[in-house]
Trainee: 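Sending over a structure as structure tokens; questions will come in a sec.
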Amino acid sequence: MEERYDPRKVEPKWQAYWREKGTFKTGQDTSREKFYCLEMFPYPSGKIHMGHVRNYAIGDVIARYKKMQGHNVLHPMGWDAFGLPAENAAIKHGVHPSKWTYENIGYMKAQLDKLGLSYDWEREVTTCSPEYYKWNQWFFIKMLERDLAYRKSSYVNWCPSCETVLANEQVIDSRCWRCDSVVVQKELFQWFLRITRYAEELLSACDDLSGWPEKVVLMQKNWIGKSLGVEVDFRIEGMDRSIRIFTTRPDTLYGATFLCLSPRHPFTDELVADKEGLRKIRARYGEVDEKAGLFSGNYCVNPMNGEKIPVYVANFVLMEYGTGAIMSVPAHDQRDFEFALKYGLPMRMVIQPNDTGAGLVHARHSPASGQPQGQPLQEAYEGEGVLVDSGPFSELESAEARDKIAEYIEERGLGKRVVNFKLRDWGISRQRYWGTPIPVVYCDRCGIKAVPEEDLPVILPEDVTFSGKGGSPLLESRSFIETVCPACGGEARRETDTMDTFVDSSWYFVRYCFQKNDPDIDSKLKNGSRETGYWMPVDQYIGGVEHAVLHLLYSRFFTRVLRDLGIIGPGEPFLNLLTQGMVIKDGAKMSKSKGNVVDPDYLIETYGSDTSRLFSLFAAPPERDLDWSDKGVEGAYRFLGRVWSVIHNNRDPLRKKGASVIRKEDLSDISDNGRGLLRKTHQTIKKVTTDMERDFHFNTAIAALMELVNDMTGFQPRDERDPGVFKFAVESMLLLLSPFTPHIAEELYAVLGNKPSISEQKWPAWDEDLAKEDEVELVIQVNGKLRGKMMIPRGISDEEIRNLSLGDEKIRTFIAQAEIKKVIVVKGRLVNIVVGR
RNA sequence: GCCGGAGUGGCGGAAUUGGUAGACGCAAGGGACUUAAAAUCCCUCGGGGGCGACCCCGUACCGGUUCGAUUCCGGUCUCCGGCACCA
């Protein structure tokens, strides 16, 4: 007789309803406060995985919750559709990347729909479509005009067998991830975006990212890596030129005993006679295991003390940071120390620790000879202290000396103060096919020319062959390469490199502000528009922490460029960021290679998407890793089954027309029974609402709903008002549950005789008085230990609490024959009687 | 090495401002219903002691502050994440 919960019947029905009614279509509506809720879009790899389910369930709860709270919610979805896997599939299975990608999109879109996600698909973005990537090209040209895009020669990871550049992530133990060949460093011309122009702003604006996890902000700060220092010129002996070094420790200048050049420093060819030695040291550039050096045969003069010091070429000195040359102070820098030890170079102590570390005091070195007196150093002293053997700066505190010496250097024209960042310009050239063509042409007469705006997009040709030999198929496509120069009209060649796919994802959230087929997109996107003005920035962004620097930093950069182009207002794209944890099973991240994946299709088939969503939201708070448990999924399913039956078992009384709202004035004639459930209901509304507001603590919100349902199952109507209370409890519960498990909520809401849709209802409100307990449990402690409990009426005075607890029989046995020193009362909750013996 | 974060039952996790440690769920054990099983429902469930009312111990470890510490402070250990020759 009783109808059983069957998600396979319920879920498709409501998915169709939402689709047909356009429940989640979004428009501009200035009467409501906007809320832009965004989850990181997926790469269409073929199928969604549990990480997606979790990510999108979290986003969907937020979007639905905000909608019920009266916000005008933008909740879009799209596809990060360019990238290497499509090209690999083409090589392996002979299917065109485009076909492969669009088929995957079709399948995954159906999967997302089966999860009941509240997306407005009319704003869908697919980055591999010309309508989308033409904007990558347009932005690129604008950046070229502003000198934010430029071409330079640089070293890249190169796989000689695949004939392609590899990202750092694709180099595993110095080998190609695909063919296992040893990766070499190759110098290539590459296109770069000048993100470093925004380094200072990207860093200082970090302090305004109060809606981001601190951890992510910190990672961004470290990645940008600002440091203040001084550049100093060291004249090369016997030559009319200088080597410019960078240091953050000008206070140690007197301790410099040699100088090191990067193997890639432009002076090395000229300074080093030993070409074979130079070749060897260059091959060891960037090697982490061991420091290696080569004496250049030349000397420099320390501008501070006129001392002659040898110049080395050292493999650990990076050309990409500072000036590519350093002064070496082995006594105060551990790397220099190790190098000096290996090559027998002198060390000189010029900073004395303030708190006289005993061993260090003896490690004085004579400035004249550079020879040690006393014990040899065990390690470099990198801390602060007092300067010694530093000419006129001796006896200064190191912090002060940094300033004074920097000033001295600037006054004498020996160098200048500079700011350095670790952040490098973003190399976007990829020698690959499946990406946005970089819109430039090469003309023998006119040089490098941007493709004119009106000729965009430069379409990625589809008629290419995938040999699998490596190298971009575009190199073989004459119809693509051969073009005319926009300046002189003569023969010219197209750039065959494509853009890093991170370009695609750096601004996709701006595109969502418009309808997919907006006819005026051209003028709107170029000139700024009502749409971007209304929707930007994203109010809540949700995704994996693995993008803490790359994607999130690139997006912050791009948004600022777009701001400076007048396209959007604010420079910060994401107001609030939620980084969800990984999905773990059997102690490891779910992955095919580990064989511990759970297939969302199977899960939805077996338990339904409501159960899948519920479990992934209940098992852990969103930002933490989620331990997958098949048994736990069954528990979630059982809970929904209980929700189903508590309503179906009381179907007739629940459908009866009648007031389900109990006002404070009605409380006098309500039974204890009804009062209890009413109170619990208001408490649950409060708890769920505050948990949502408190960093989206869905797990405890769901736990509260479970408690309410437990109370409802045991509820027996005894008097006239009880059915109304029960109905109120049921309705509130469904409303609160609907963002988590929307299908069953819709279905049961309709069973109660309501018109759909529950997702268009208002979020319930609680009444603080109705939520309050009449009686509270008083905890009685003696000397901080729990010794008794008693029920007391709400609102009782501290004095009464004191008397009640002192009078309690059990408590008296604990305080007998003891002196009461103090009684501490925590308002209405706890009393602690402090006694001496 | 540097910078973060975390350590709570058999397990996932609660405890909102320093105030009852273990909500909710899973697993386990017992019971009801059933010819039986599944499903469902009910009870027990940190450790130790006691016939019992109850008592002692317990939030990684050591110490401190406090009437009272999972929470604050100092130190130690372990695990996880990020960066890593950045001069």
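Below, each value reflects all heavy atoms present in this structure, side chains not excepted, and no hydrogens, waters or symmetry copies. Fair warning: this is a prediction, and the values are worked out from it, not measured in the lab.
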Trainee: Just jot down the salt bridge (Lys or Arg N to Asp or Glu O under 4.0 Å) partners of A:R417, sequence neighbours excluded, or say none.
Mentor: A:D403, A:E410
Trainee: Starting at the 5' end of RNA chain B and moving along, which residue's nearest nucleotide shows up first, A:I833 or A:H697?
Mentor: A:H697
Trainee: Using the P atom as the point on both nucleotides, what is the distance between B:U20 and B:U71, in whole Å?
Mentor: 13 Å
Trainee: Can you check the A:F639 CZ to B:G25 P distance for me, whole Å?
Mentor: 9 Å
Trainee: Would you measure the distance from the P atom in B:C26 across to the matching atom in B:A84 and give it in whole Å?
Mentor: 44 Å
Trainee: Touch check for A:I824, heavy atoms < 4.0 angstrom, all strands: base, sugar-phosphate only, or nothing?
Mentor: base
Trainee: So what does A:K687 touch, heavy atoms closer than 4.0 Å: a base, only the sugar-phosphate, or nothing?
Mentor: base
Trainee: Could A:K226 and A:F421 be counted as a cation-pi pair, given that NZ or CZ must be under 6.0 Å from the ring centre and within 45° of the axis?
Mentor: no
Trainee: Answer with base, sugar-phosphate or nothing: what part of the nucleic acid does A:S227 contact at a heavy-atom distance below 4.0 Å?
Mentor: sugar-phosphate
Trainee: Between A:F615 and A:W628, does the ring centroid distance fall short of 6.0 Å?
Mentor: yes
Trainee: If you measure from the C1' atom in B:U70 to the same atom in B:U59, how many Å do you get, rounded?
Mentor: 5 Å
Trainee: When you check the gap from the basic side-chain N to the acidic O, do A:D207 and A:K221 get nearer than 4.0 Å?
Mentor: yes
Trainee: Using the C1' atom on both, measure B:G12 against B:A27 and round to a whole Å.
Mentor: 11 Å
Trainee: State which of B:C67, B:G4, B:U20 makes the closest approach to the side chain of A:K822.
Mentor: B:C67
Trainee: One thing to verify: whether A:R284 and A:E290 come together as a salt bridge, which I'm taking to mean a side-chain N less than 4.0 angstrom from a carboxylate O.
Mentor: yes
Trainee: Report the nucleotide, chosen from B:C26, B:G19, B:G13, that has the shortest atom-to-atom distance to any side-chain atom of A:K631.
Mentor: B:C26
Trainee: Quick one: label A:F814 by what it contacts on the DNA or RNA (base, sugar-phosphate, nothing), any heavy atom closer than 4.0 Å.
Mentor: sugar-phosphate
Trainee: Return whichever of A:G286 or A:A620 has its heavy-atom-nearest nucleotide of RNA chain B closer to the 5' end.
Mentor: A:A620
Trainee: How would you label the contact of A:D627 with the nucleic acid (heavy atoms, under 4.0 Å): base, sugar-phosphate, or nothing?
Mentor: sugar-phosphate
Trainee: For atom P, what is the distance between B:G74 and B:A14, given to the nearest Å?
Mentor: 25 Å
Trainee: Taking the P atom of each, how far is B:A53 from B:A32, in whole Å?
Mentor: 26 Å
Trainee: Side chain of A:R694: nearest nucleotide among B:C24, B:C67, B:A15?
Mentor: B:A15
Trainee: Give me the distance, rounded to whole Å, that separates B:G4 from B:C56 when you measure between the P atoms they each carry.
Mentor: 41 Å
Trainee: Base, sugar-phosphate, or nothing: which does A:V779 touch, judged by heavy atoms less than 4.0 Å apart?
Mentor: base
Trainee: Kindly indicate whether the side chain of A:Q781 and the base of B:U20 share any N or O donor-acceptor pair separated by less than 3.5 Å?
Mentor: no
Trainee: Rounded to whole angstrom, note down the P distance from B:G10 over to B:G63.
Mentor: 24 Å
